[in-house]
Each structure stands twice: as structure tokens, then as C-alpha cells.
Amino acid sequence: MDFEFTAEQRDMQQLVRQFARDVIVPRAAEIDERDEFPRDIVKEMAKLGILGLPIPEAWGGVGADFVSYILAIEEISYASAALGVVLAVHTSVGTFPILYFGSEEQKRKYVPKLASGEFLGAFALTEPGAGSDASSIRTRAVRDGDTYVLNGSKVFITNGGEADVYCVFAVTNPAEGSHGVTAFLVDRDTPGFQIGRKERKMGLHGSSTAELLFEDARIPMDNRLGAEGEGFTIAMRMLDTGRIGIAAQAQGIMRAAFDAANRYVRNRRQFGKDLFQFQSVQFTLADMATKIEASHWLIYNAAFRKMRDLPCAKEASMAKLFASDAAMQITTDAVQLFGGYGYMADYHVERFMRDAKVTQIYEGSNQIQRIVISRHI
Ligand code: COS
């Protein structure tokens, strides 16, 4: 087993790290406070190729490997978890489904635009009554000649309202349960498709989370992704990969919290000593560093397996479960080390803590990750 990143992976990490530190870090607090989608930064990311990193050059992407992509999510999330999820959702579950399951025509129509960042992608599975229990979705797609008529709604859709194309899951055959679900590519300007309520969230301010409403939206046959009834498998396969990205997002957040805490305890004096000189503080930092290291190996093990086309569903769920719990613990500990200052917005660690929470919830709650893991063992 090779434990080193390649020169190309390191170069990519360096490039994205520099961009994140120069362009995103100075704006991160403002993005959080204004809670507005940072379109200008997303455009800058597109110019650098970040929105098409793991997409083959033949399809307009950079052609970087999957590990480089995961490193990029981590670096962007270190600076802003909100931008980290824009990237992760756009790529893992917005672009990959088309690349892996799309017809040649669908790939030609969408992938180059998504890879260049001209288009932003999104993934719409969750509904008001179907979150963890994804196969109980109700959005209906009824075939009518050479179109499907979509009715229903989706909630909590990342990039909702900002994306140009949505991978939407709907029931084509209610008698078939999960085998009656079909995937569709829905263009933003489809008549009958509207963006509903935009959510106000605990964290990830700046990333868009919206409701999607379908009222007799006619989707051309050509926009059905994969075969009828293949939708649930497509969703599950894409989430397997997506969860590695969310784990990397958690990794970026926890590293940012650790670095902030590690700096702070060397400058803060109480009882005549630097905080760092108290053994309890050293132990807290030691625990944080150990969790970061363990999480790193789980994530890169899953990413290497995915890169080599080896089964990775179990490893992805383990990485997401462990990294998100570690991020929650580490950001909470960071706030505690900062004391009263940690609770104040000016010191950023409270933002890291708010941002970390959702990584335990979305792309499958950690209870769902335990279901996936236990089924594999
Ligand atoms: N890859 C390929 N196929 C898969 C799969 C995967 N990872 N997971 C399940 N399937 C297939 C199964 O093999 C099964 O097919 P067969 O009936 O032919 O055997 C079918 O899909 C149904 O699977 P299963 O019976 O396991 O479905 P469940 O209803 O029990 O649900 C979980 C499985 C809980 C894992 C699934 O509903 C899930 O992941 N829920 C969370 C959804 C989620 O992450 N939402 C976040 C959305 S993005 S914010």
C-alpha cells in the first residue's frame, strides 16, 4: 500500500489551498453573515477548473483523479464549508450521475457545461415525507407520449435555485417500490418547475438550500437518466461517492477549528501561564489531532478505492460517519478552548461548529451510515 499522495495530487492540493486562502478565507465570515450565494467566488472556482476537476478532459474537465478532487473539497471547506458543499454537490451528485449513467447525447449536452462551471448541478431526492427512507418518495412521473409529466416536491436541495440542471428522482411505477423510481435531468427553465421556499439554516450560510416544486412539468423522454426503474440504484451509487466528499468537507472544517484553537492557546494567558502549558489543554489538542489523523486515513482509503474502481460503499460510510462526528467534537472543543471568545462570531470557531453539525445529517444521516456499514459486515 502506498501512503503518499502523488506529485499531481500534491500540486492540485497546493493550487486549491492557495486559492482558498487568498480568495475565500478573507470573505468567509462575510459570506456567513450575509447568507448570500457567493456567485463571484463560484465563478473564480470555475475559471481555475475546480468545478470540473475529476471530469475527463474529453468531457471538458481537468481530468484530475478522484483523490485530487477529494483533496480540493477539503481545502475549499477549510476556508468555507458553504463553498465546500457547493463544489461537492455540483460534482459528486450533480455531474457524476450524467457522466456515469447518461446517454452520449446527455453527456454532450450537459457535462462540458457542468465541468466548465457554465452550469451548476444539483441532486433532488429528499422530500418532505421521505428523508432517510429514500425509497418512499412520492414525486410522480407519468409517461405521456414522448414526455414524462412530473408532479410533487423536493426539499433541502443544495444549490437549489442556483443550479441550471437538477437530477430529480420520481416514481414511475408505484407498485414496484424502490424499483419503480426513475431519474430525470430537469432544466431550470422547464415550465411547471419552480423554486419554492429558500431555507434559513443553522450553518452553511451562503450555500443555497431550497424547495423544488413540480406542477405538470413536462420532461422530454431524452432527459430520462438511465432506464425506467433504475433511479434508486443511481441515487444510492451516487451517494456512495458523495459521502466521501462530505467526509472531506468535515475534514476541512475540523482542521480549520484545530488550527484556530492551536494558535489561540499559545497566545492566551490565564493564571500566569499560556493556556497551552496546562496539561488538560494539551490533552484536548492531542485528542483533536488524533481524530483528524484517523479521519484523514478513513477518507483517503475510501477515495483511493473509488479511484481504483474498487467497492467503496462501506468505506465511504465509515469515513463520513467518523469524520462528521470528529468534526462536531473538534469544533465544540475548539469553542470551549476559546471560552467566551469562542461563542463570539468574530473568532470564527462558532461558525465552524454550526457548519460541522450538518455533516452528521446530510447525504445520509449517521444513523443511515451505520445501516450501510452493518449491512456490509
Ligand atoms: N448501490 C447499488 N444499489 C443499491 C445500493 C447501493 N449502494 N443500496 C441499495 N441498493 C439497491 C439494493 O440492492 C436493492 O435492490 P434489490 O431489491 O434488487 O436487491 C434496492 O437498491 C433497495 O435497497 P434496500 O432494500 O437496501 O433499500 P432500503 O429502503 O432499505 O434503503 C438505505 C436503504 C437506508 C441505505 C437508503 O434508503 C438510504 O441510503 N437512505 C438515505 C438517503 C440519503 O442519503 N439521503 C440524502 C439525500 S442527499 S442530502
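The shown structure was predicted, so the numbers you read here are calculated from the model rather than taken from an experiment. Only this structure's heavy atoms are used, side chains among them; waters, hydrogens and symmetry mates stay out. All ligand and atom numbering here is 1-based and tracks the order in the structure.
- Of the listed residues (C312, A134, A235, A130), the one carrying the non-hydrogen atom nearest atom 42 (C) of ligand 1 is A134.
- Between F304 and F5, the ring-plane angle classifies as parallel under the 30° and 60° cut-offs.
- Screening D187, D164, T95 for a side-chain hydrogen bond (donor to acceptor under 3.5 Å, both in side chains) with Y110, the sole residue that qualifies is D187.
- By the 30° and 60° cut-offs, the orientation of the rings of Y100 relative to F96 is parallel.
- Of the candidates E176, K320, H179, H179 brings a heavy atom nearest to atom 15 (O) of ligand 1.
- For the residue pair N173 and E228, no side-chain donor N or O sits within less than 3.5 Å of a side-chain acceptor on the partner.
- Considering both main-chain and side-chain atoms, L125 never comes within under 3.5 Å of ligand 1 through any nitrogen or oxygen pair.
- Residue, atom and distance of the protein heavy atom nearest to atom 34 (C) of ligand 1 are I368 CD1, 3.9 Å.
- Scanning all protein heavy atoms for the shortest distance to atom 47 (C) of ligand 1 gives T126 OG1, 3.6 Å.
- Distance screen at 4.0 Å: atom 8 (N) of ligand 1 has a protein heavy-atom neighbour inside the cut-off.
- You'll find the ring centres of Y166 and F184 outside the 6.0 Å limit.
- At a 4.0 Å cut-off, not a single heavy atom of I371 sits close enough to ligand 1 to count as contact.
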Inset, instruction - Would you please test T139 and E127 for side-chain hydrogen bond (donor to acceptor under 3.5 Å, both in side chains) and show each step? - result: CA-CA 8 Å; T139 294; E127 297 184 358; 2.7 Å; yes
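- With a 6.0 Å radius and a threshold of 12 heavy atoms from other residues, nucleotides or ligands, Q336 has its CD atom at or below the threshold.
- Among protein heavy atoms, atom 35 (C) of ligand 1 sits closest to V372 CG2, 4.0 Å.
- Note: F338 and Y264 have parallel aromatic rings, judged against thresholds of 30 and 60 degrees for the angle between ring planes.
- Taking distance alone, with nitrogen or oxygen atoms compared against 3.5 Å, D240 approaches ligand 1 more closely than that limit.
- Cluster membership check: I157 does not share its hydrophobic cluster with V165, using side-chain heavy-atom separations under 4.5 Å among Ile, Leu, Val, Met, Phe, Trp and Tyr.
- In R243, the part holding a heavy atom less than 4.0 Å from any atom of ligand 1 is the side chain.
- For atom 31 (O) of ligand 1, the nearest protein heavy atom (residue, atom name, distance) is F232 CZ, 4.1 Å.
- Nearest non-hydrogen protein atom to atom 24 (P) of ligand 1 is R375 NH1, 3.8 Å.
- For Q106 and N223, the side-chain atoms include no donor-acceptor pair closer than 3.5 Å.
- Given atom 10 (N) of ligand 1, the protein heavy atom at minimum distance is M236 CG, 4.2 Å.
- Checking S68 against D65 by side-chain atom types alone, a donor-acceptor pair falls below 3.5 Å.
- For atom 22 (C) of ligand 1, the nearest protein heavy atom lies closer than 4.0 Å.
- Within the 4.0 angstrom cut-off, atom 12 (C) of ligand 1 has no protein heavy-atom neighbours.
- The option from S132, A313, G177 that lies nearest to atom 41 (C) of ligand 1, judged by heavy atoms, is S132.
- In the candidate list K154, E363, Q369, E363 is nearest to atom 49 (S) of ligand 1, counting heavy atoms.
- Ranking the protein heavy atoms by distance from atom 3 (N) of ligand 1 puts T233 CG2, 3.8 Å first.
- Taking a distance limit of 4.0 Å, we find that atom 38 (C) of ligand 1 is approached by some protein heavy atom.
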Legend entry - Verdict with reasoning, R266 to N262, per side-chain hydrogen bond (donor to acceptor under 3.5 Å, both in side chains): CA-CA 7 Å; R266 283 154 212 277; N262 198 16; 2.8 Å; yes
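- Here is the list of ligand 1 atoms found below 4.0 Å of a heavy atom in S135: 29 (O).
- For the side-chain hydrogen bond (donor to acceptor under 3.5 Å, both in side chains) test with Y362, the passing option among K320, R243, Q249 is Q249; the others fail.
- In terms of protein heavy-atom proximity, atom 20 (C) of ligand 1 is closest to S178 OG, 3.7 Å.
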